[in-house]
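All chains are named by letter (A, B, ...) in the order of the sequence lines, taking the proteins before the strands, and each is independently numbered beginning at 1.
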Amino acid sequence: RAQAQTLKIAVLLPQSGYLAQAGQSCHRGALVAPQVLSDLGYKVELVHIDMESNPDVARTQTERAINEGAHCIVGAFDSAGTLAIAQVCEQRQVPLIVNIGAAPQLTEQGYKFLVRNFPTGGMLVKNGLHQIQALIDATKIAPKSAVFLHANDNFGLAQRKGMDALFPKSGLPFKLLESIPYDPKAQDLSVEVTKIRGLNPDLLLVVTRAADAIKLVRDTVRQKFQPMGIISPGAPGLYDEEFYKALGPLADYHIDALPWANPKSKVTQALEAAYTKAQPKFRFAVECFNVGFTFDALMIAGDAFKRAGTTNGPELMKALKDTNLADHVMIGGPIKFDEKGQNNDIPSASVQNRNQTPTVVLPAEVATMTPVLPMPPWQGRK
Amino acid sequence: MLNVENLSVHYGDAQALDGVSLAVDEGAIVAIVGANGAGKTSLIRTIAGMHRPTSGRIVFRGTDIAGLPSHRVCDLGIGQVAEGRQIFPSLTVSENLDMGAMLPHARPHRAQNRDRVLAMFPRLSERIGQAAGTLSGGEQQMLAIGRCLMGEPKLIMFDEPSLGLAPTIVHDVLKTICDLNAGGMTCVLVEQNVAVSLKIATRAYVLENGRVTLSGSGADLLADERVRQAYLGI
Amino acid sequence: MTAITLNIVVQGILTGLVYGLMALGLSVIFGVMRVVNFAHGEFTVVAMYAAFLLFDMLGVSPLVSLLPIAVAFFFLGYVLQRSLVEPFISRAEHEQFILLVGLATVVVNGLLLIFGPDAHPINLPYSFDSYTVGSLFIDKVRVFAALGAFAICIALFLFFRYTRTGTAIRACADNLTGAGVVGLNVKQLYAVTFGLGFACIGAAGTLMATIADASPGLAPAYTLLAFVIVIIGGLGSMAGALVGGVLIGISEALAGFYIQPSMKSMFSFALLIIVLVLRPQGLMGRRL
Amino acid sequence: MIDIWHRLPMRGKMLCLAALAAAIAAPLVADRYLLSVLILVFYFAYLGQAWNLLMGFAGQLSLGHALYLGLGAYTATALWTLFGIGPWIGVFIAIPVAAAAGMIVGWLGWRFAIEGVYFALLTIAFAEFTRIGFDHLQITGASAGLFLSVNSPGSDKWWNLGGGPLLYYYLALILAVAATLLVAWLRRSPLGYRWLAVREDPEAARAAGIDIFRAKMIAMLISASMTAVGGVFYGFYYRNLFPSQVFDIGRSIEIIMAPIIGGLGTVFGPLVGAILLTPLGESLTALMQHFGVNTPGAKSIFYGLTLMVIITLQPSGVWPWLARKLGLDRPRT
Amino acid sequence: MTALLSINGISKRFRGLAAVSRVSFDVSQGEIFAVIGPNGAGKTTLFNMIAGAIPPDEGTITFAGTRTDGLRSDQIARLGVGRTFQLVRPFPALTVEDNVIIGALMQTKTVRDAETIARDTLARLDLFDKRTQIASSLTLPDRKRLEVARALATGPKLLLLDEVMAGLRPTETDRIVATLRDLNRDGLTILLIEHVMRAVTALASRILVLHHGAAIAEGNPEQVLRDPAVVESYLGAESL
Ligand SMILES: Nc1ncnc2c1ncn2[C@@H]1O[C@H](COP(=O)(O)OP(=O)(O)OP(=O)(O)O)[C@@H](O)[C@H]1O
Ligand SMILES: Nc1ncnc2c1ncn2[C@@H]1O[C@H](COP(=O)(O)OP(=O)(O)OP(=O)(O)O)[C@@H](O)[C@H]1O
Ligand SMILES: [Mg+2]
Ligand SMILES: [Mg+2]
C-alpha cells in the first residue's frame, strides 16, 4: 500500500449548540491552518466536523471520520466531548491531540493515544497566581483581599479545586475572602455582584464563561463597585470580541492570566498574516487563544507525521510522544509531552485589555505594554 | 325555511346520524323527540356548523350551509340555545349578552336588542353585573335565550331548554318559547319532556338511533301508540 | 433588614417583573388554548435579535422599538397559529410538544446560522447607570424594563377586561362550546390570542435585550424559566405571571445571597414543586 | 410470552426473526461507525421502551426521565470508581435509587392529583433540581464530573463493562430486545390491561376495581428502573459523567422522541422511532459533509423540520401506519 | 331476605344545590330494585355515592356488612359493586374484548381466564361478533351493552345500571330485559335507574322515586306508579 503523502486530520469542534461561540472561533483557526502549515513544510489535510456540543455526536462522528480515513483527530474544546472522542481514539489507535480542554482527568485516565497541548485547570491556576504576584510586583499595588468567583461547571470547578489547593501555598500578600460559585445557566449575576460588593475585596478573581463576563462587569459598574482590578486565571470571556462590543471602554484594564500567542514567534506572525487575510471580520489579537491552540495542535500533528513518515496510528503516536517543537504559536518553550501525554510547559502571560484589544503586559520579554493597576475608575471612561 | 336532506354525521368511526331529512317552515315550532343519544344534539350541532356532516345537505333560505363554520351559520340567522346552556360562567351577565351580539349583522343593533332582552327578562337586568356562573339554573337558561336573541336570529334551535329546571321554571321557559313563536320566530325544539313538546309543536320528528322513524304533526304523534309507549311510558 | 438585603430584594423584584413579563406570553396562550408553547424562549430570543437589529442598523432604542416589534410579533404569532398550530389545538399534549420542540430547534439553529454564536449587546447611553437611593443602587435599565413590563401587563389586562375582542377571548377560554354556540369565530380569536401571546413575547424580548445580550444559547433557559414562573403564579393567570416572576426574582436573590449563588435555581425548582403539590393551579390560578 | 408470539401474523413472525437475525449478524458486516450508530439506535430504543411504558401505556407524561437516567448512571459509576463495586452489582443498587426517585415524583404528583402538563412540569422540576444538586455533590466530583478509566483495546472486560464496541453493541441489543419483550409481555399481562384502562379513562378504570394510584406507581417504578439500567449503560459507555450533561432537559427530550415518532403506546413504536431518528441525524450530517456544506446548525434545522413534518402527517406515529402498510396490524372486523 | 345494600340518610350538595337529601333504602339480596325520577332528581348522584365516585356529605352506606361510605370507588368495586355510567365511558381506543377483559381481571389473576370470562359475557350480551372492534367505533346501543358487559365481567354481587335502556329500540330493550332477568335468576342483585317504564315494570320488584333529591315514594311497582305524588311530579308530565 502506497504511503500517504499528507496527514488527514479530522477537526471536531462544537460549532453549534451551547459551546458554539468558542467552537467557531477555534474553527476559524483550523480553516487557515493548512495553508500556513504547508508553507512551513507540513502536509496536512483537514476534515471539519461539527460535534454540536453533544458527546453522542462527537463519538459517532469520530468513528465516521476514522472510517473515512482520518489519521488523527484534533479537538474538541470541551472536556466531555473530548472524552467521548478519546474513547474511540483509544479503541482505534488513532492519536487525539487536544487543542483545548482543561479537565485534569483527560491525561489522568491512562489514555495512550491522547496528547494535550493545553494546561490543566490546576496549571492554569498555578500560572495565574504567579502572574498575579508578578503584576503586584510590577505595579506596586498592595491589595489586601480578594474574592474568587467561578462558574460552577466542569471548567470552573477544576479551577476552583486548583485555587483551593494552591492559593494557601502561593504566598500572595492578600487574603482570599471567599470563593463564590455561580450557576452558568442562571440568567443574571446581580446578586453575585451585590454579595461581592458586601465583601468589598480589592481584587476580583474570576473564572467565567463568555457571556457571563459581560454580565459581571455590567453589574459591577452599575453597583458602583470599584475593585483594584478584575483578574482571571485563564478563563474565556474577558477577552472575547463580544466582551469589547458590549462594554466598550469599560472592557479595558481587565487582566487575563493565560497562555497567549507569542507575538515574537515567526509562526505566530505567519499565522496572523494568514488569519487576517482569511478572516477580515475578526481580529487575530482577540482570537489568538482559540486560534493559536487549535493551530498548534494541528502543527503538532503535522510535525509528528513528518518525523514518523507514516500515518499508522501507533507509530504516529510514538512520534507524537517524542515531539519537541520549538517554533509554535503560543508562548513557552518547546512543546514536549510527558508520559501521560501532557505538555507541562505552557506558561501564562498576563494579557490586559487596552484600547479594547488584549495586550500582553507580562512577562516582560513578550510584553508590548506595561500593566496598569489599579485600573482607572469606571466613571469617566467614556 | 330550513331543509335538511339526507344528513349523515360521524364521530370518528361512530355514526351519530344516518340519513336524516326534515323540513322547518317559517313561523313553525318543530319538535324533535327521541331517547338519550338518539342524535338530537348531533343534529342541532351539525345544523349550527359546529360539526361537519359526512354527507347530506342543509339548506337555509336557499343556501346550502352544510360545512360552513359556525360563525357564518350564526351570521346567516340561525341561533341556538344549546344543551347545558353553555353560558360563560366567569363573564358577567352583561358581557354574556354582548357576546351574543358579536355577529356582524347584529352588531349595529346591539343597544336596542339589549333593551328588548332585558325587558323580556327583567331578572337579568337585576343581575347585570354578576358573574353568570352564580346565577340559578333558570336564570342561566334565560340568559342563554337572551344571549341568543342578541344575535337577531331568524330561527332558534332549543336543545333541552328545560333540563335540570324546577317544574315552575320549566313552565316559564316553555312559555317564553311559545311567546317568541307567537312573535314570529321560527323554533326548533328538542325536549326530553316529550308530552309537552309535542303539545306545543306544529310538526314533530321522532329520532331513533340517528334515523327519523316517525314524523307528523305534534297532535298526531301524541296520539301515536308507539310514541306513547316508548316515550310517555304509558 | 440591612441595606444590602434590601438592595437584593429590590433587584430581585425588578428582575422578577421582567421575567414575569417574559412568562406572560406563555400564560396567555395556555390560559386560552391549553397549548404549552415549548418554543417560548426561542421566540423571546428572536425578539431580542429584532431589537438588536433595529438598534444596530437604525439606532432605535429598544424602548421605542418595543411597539413595532410587539406588533410584528403579533402578526408572527397570528400566522404561526393559523398555519402550524391550528391543526394541533385539539391534539394530545405530546403531539403539540413535538411540534413546538421541532419549531424551537429550527428557530434556535436558524438564529445561530444567521447571527453566529456571539452575544449581541445593545449599548444604550444609560446601560451602565443606576439610581442611587440612600445606600441602594438600582439599575436604570432594570427599572425601565420593569416599568415596561408593568405597563404592558396593565394594557393587556385592560384589553381583556374592557374590549369586546378581549371579552370574546375570555369567553372562548371560559366555555369553548358556548363560544361556538353564539357564533364567535373561534379560530380567528385563537389566532388573535396566539398573536397577543407573541406580542407579549416580542415586548418582553425587546425589554430583555436591554438587560441581557441576545444569543441563541439563552433560549432553552428562558423557556424553562417561563415555565417555572407561570406554574408558580398560575398558568393562564396574568397577574400570576408577574407574581410568579417577582417571587422567583426574590427567592433567587435571597437564596443566592444567603446560601450560595450556584444553588439559587435549585430554590426556584423547590418552590415550584411545593406550589404544585400544595396548590396545583398555582398561586393565582383558577381551579384546574 | 408464547401467547404473544402466536398472535403475530405469519408475516410478522418472519419479519421479527429476520430483523433479529440481521441485528445479531450486523457486526459481521457493519463497520465501527455503523456499529456506533446502531449502539445509539438500540440505546434509544431501550430508553424509549422505558418511557413508553409510563406514557404510552399508563398515560402519564414525564419530561424528566433524565433524572432516572442520571441517577442510574451516577450510582453505578460512583460505586465502581469509589468502592470498586462492578456494574453488574451496581445496577442492582442503581435501580432502587432511581426507583425511589420515581416513587417520590409519582407519589407527590398523583397523591395530589397533578395531571397532564402539570405532572410533566413537575418531572422537569425534579430533574433540574437534582441536576443542580449533583453540581454540588462533592463525592461524585460535583460539576467537574465523574470519570472512569480508559478502555484500551484488548482490555475487554465484560464484568466491568469495559471494552470495544462489540460488547456495547450486543449489550444495547440485548437491552432493547429484552425491553421490547418485557413490554410486549406486560401489554398482555393484567398489569398492562390496567395501565391501558387508567390511560383511557381513570374514572371508569376505578369502577372496574383498579387502584389507579397503584397502577401508576407500578408503571413509574418499572419505567424508572428500566431507565436507570440505561443510565448504567450510558455511564460505562461514555465513561464520563457531568451533571449538566446527563440530567439535562435535553436528555429527557431525546429519550421521548423515538417513542412518539415511532408510535406511542405500541410495542414496536420506540424501536421504529429509534431506527428512524438516530440514522436520520447521522445521515443529515453525512449528507451535508458530502456536499461540502459547513454551516453549523443547518443539520439541526432539517432535523427539527423533519420532526414537525412527521408529527403533522402521522400524529400517532410511524409504526401504526407502517404496520398497516405491511399488513401487520391485527385484523379488525 | 338479608339487605345486601343498605342506605341510611345519605345526602349530597353541590354548591348549595341539594342533589340528594336524606335518602334511605335497603336492597335485598337477589332482588331488582329500580330508582326513577325526573331529570336532575339526583339518581346518578345517588349511584355515584354508592359506587364511591363521590363521597356522601352525610349518612352511611353498608354493602354486604361493610361500611363503604368513604371508601374509594375501586375498593368498592372490589367488594362486589359493578356499575355502568349514564354517559357511557368505555375505554375508547381499546377493542371491545379488551374492554371486558379489564373488567374480568378483577375476578381472576390471569389474562387467559379473563379472556374466557370476557367471551362468555360478550356472548351473553350479543357483542361476541364485535369483540375485535375498537370501542369508539360502536353505536350507542352497543356501547351501552359494552358498559354492562364490562361491569358484569367484574363478577359483581350488586350491579348498578344507569339508564342502560335509554336509546334502545323496544326489541333491544326486551333482549336486555331478558338478559338481566337471567342474571338475576342466577343470583345477581340489580339496582337500576331507568326512564323506560316498560323495562322498569318488567323488571323491578321494588321502586324508589326521587324528586329534587328526596325520596317521595318507595314500594312495589303497582303502588308506586299509582301514587298521586309520583304521577304529578314524574309520570303525569301531560299536565301543561
Ligand atoms: N363528541 C362526540 N364524540 C363521540 N361521540 C359522540 C359525541 N357527541 C355525541 N356522540 C355520540 O353520538 C350519538 C348521538 O348523541 P347526541 O348527543 O346527539 O344525542 P342526544 O339525542 O342529544 O342525546 P341526549 O338526550 O342525551 O342529549 C351518541 O351515541 C353519542 O354518544
Ligand atoms: N359534579 C356535580 N357538580 C355540581 N352539580 C352536580 C354535579 N353532579 C350532579 N349535579 C347536579 O345535581 C343534580 C342531580 O343530578 P343527577 O345527575 O344525579 O340527576 P339524575 O337524576 O341522574 O338526572 P338524569 O335523569 O338527567 O340523569 C342536578 O341538578 C345536577 O346538575
Ligand atoms: Mg342531547
Ligand atoms: Mg342521571
Side-chain angles (χ1 to χ4, degrees), chain C residues 30 34-36 38-39 84 87-88 91-114 116-117 216 220-221 223-224 227-228 230-232 235 260 262-282 285 288, chain D residues 55-56 59 61-63 104-105 107-109 111-133 135-136 142-143 248-250 253 256-257 259-261 264 295-312 314-317:
Chain C
F30 181 84
R34 307 272 123 185
V35 171
V36 179
F38 280 91
L84 263 185
F88 281 79
R91 294 239 197 118
E93 278 143 12
H94 64 268
E95 290 166 21
Q96 299 173 353
F97 173 80
I98 296 281
L99 179 80
L100 290 162
V101 165
L103 184 62
T105 313
V106 171
V107 169
V108 152
N109 287 284
L111 288 176
L112 179 72
L113 221 144
I114 298 169
T223 304
L224 202 57
F227 281 158
V228 173
V230 289
I231 293 283
I232 288 178
L235 254 175
Q260 196 174 85
S262 57
M263 293 173 97
K264 65 184 182 185
S265 329
M266 214 168 154
F267 289 84
S268 309
F269 290 110
L271 193 64
L272 170 66
I273 292 168
I274 293 169
V275 167
L276 266 180
V277 166
L278 297 182
R279 211 180 137 77
Q281 75 272 36
L288 296 179
Chain D
M55 173 66 194
L61 178 58
S62 161
L63 295 180
I104 294 172
V105 174
W107 188 85
L108 280 178
R111 261 290 169 258
F112 293 90
I114 299 170
E115 296 284 339
V117 181
Y118 292 84
F119 181 74
L121 291 171
L122 181 75
T123 60
I124 295 182
F126 265 97
E128 283 291 303
F129 183 85
T130 315
R131 170 181 70 80
I132 305 172
D135 265 342
H136 293 87
S143 53
D248 190 58
I249 181 167
I253 292 177
I256 76 177
M257 287 294 173
I260 296 183
I261 292 296
L264 203 63
T295 25
K299 173 208 149 180
S300 303
I301 291 180
F302 284 123
Y303 189 81
L305 284 174
T306 314
L307 286 183
M308 289 164 72
V309 168
I310 295 180
I311 203 68
T312 306
Q314 290 299 333
S316 51

Would you find more than 12 non-hydrogen atoms of other residues, nucleotides or ligands less than 6.0 Å from C/F88 atom CZ? yes
Quick one: of [options], who has the most non-hydrogen atom pairs under 4.5 Å with chain C?
options: D/S316, D/A298, D/G304; value: D/G304
options: D/T295, D/L307, D/I260; value: D/I260
options: D/G116, D/S300, D/S143, D/G250; value: D/S300
options: D/I261, D/I124, D/T312, D/L61; value: D/T312
options: D/G133, D/G317, D/P315, D/G297; value: D/P315

Heavy-atom check, side chain of C/S262 versus side chain of D/H136, under 4.5 Å: yes
I want to check something: taking the side chain as every heavy atom from C-beta on, are C/F38 and D/I253 in contact at a cut-off of under 4.5 Å? no
Residue part contacting chain D, namely of [X], when any heavy atom lies under 4.5 Å:
X: C/L272; result: side chain
X: C/L224; result: side chain
X: C/S268; result: neither
X: C/V277; result: both
X: C/L84; result: side chain
X: C/L103; result: both

Determine, stepwise, if the pair D/E128 / C/V228 fulfils side-chain contact (heavy atoms from CB on, under 4.5 Å). CA-CA 11 Å; D/E128 283 291 303; C/V228 173; over 6 Å; no
Return the CD1 to CE distance between C/I98 and D/M308, rounded to the nearest 0.5 Å. 11.5 Å
I need the C/E93 CD to D/M55 CE distance, nearest 0.5 Å. 7.5 Å
Any idea which heavy atoms bring [X] and [Y] closest together, and the distance?
X: C/A270; Y: D/F129; result: CB-CE1, 3.8 Å
X: C/L112; Y: D/P296; result: CD2-O, 3.9 Å
X: D/Y118; Y: C/L276; result: O-CD1, 3.8 Å
X: D/A125; Y: C/I273; result: CB-CG1, 3.9 Å
X: D/I311; Y: C/E95; result: CG1-O, 3.8 Å

Does any heavy atom of chain C fall under 4.5 Å from the side chain of D/L108, the backbone, both, or neither of them? both
When the 4.5 angstrom heavy-atom criterion is applied to D/I310 and chain C, the contacting part is neither
Would you check, one step at a time, whether the test side-chain contact (heavy atoms from CB on, under 4.5 Å) holds for C/M266 with D/D135? CA-CA 11 Å; C/M266 214 168 154; D/D135 265 342; over 6 Å; no
Residue pair C/F97, D/I256: steps toward the side-chain contact (heavy atoms from CB on, under 4.5 Å) verdict: CA-CA 10 Å; C/F97 173 80; D/I256 76 177; 3.1 Å; yes
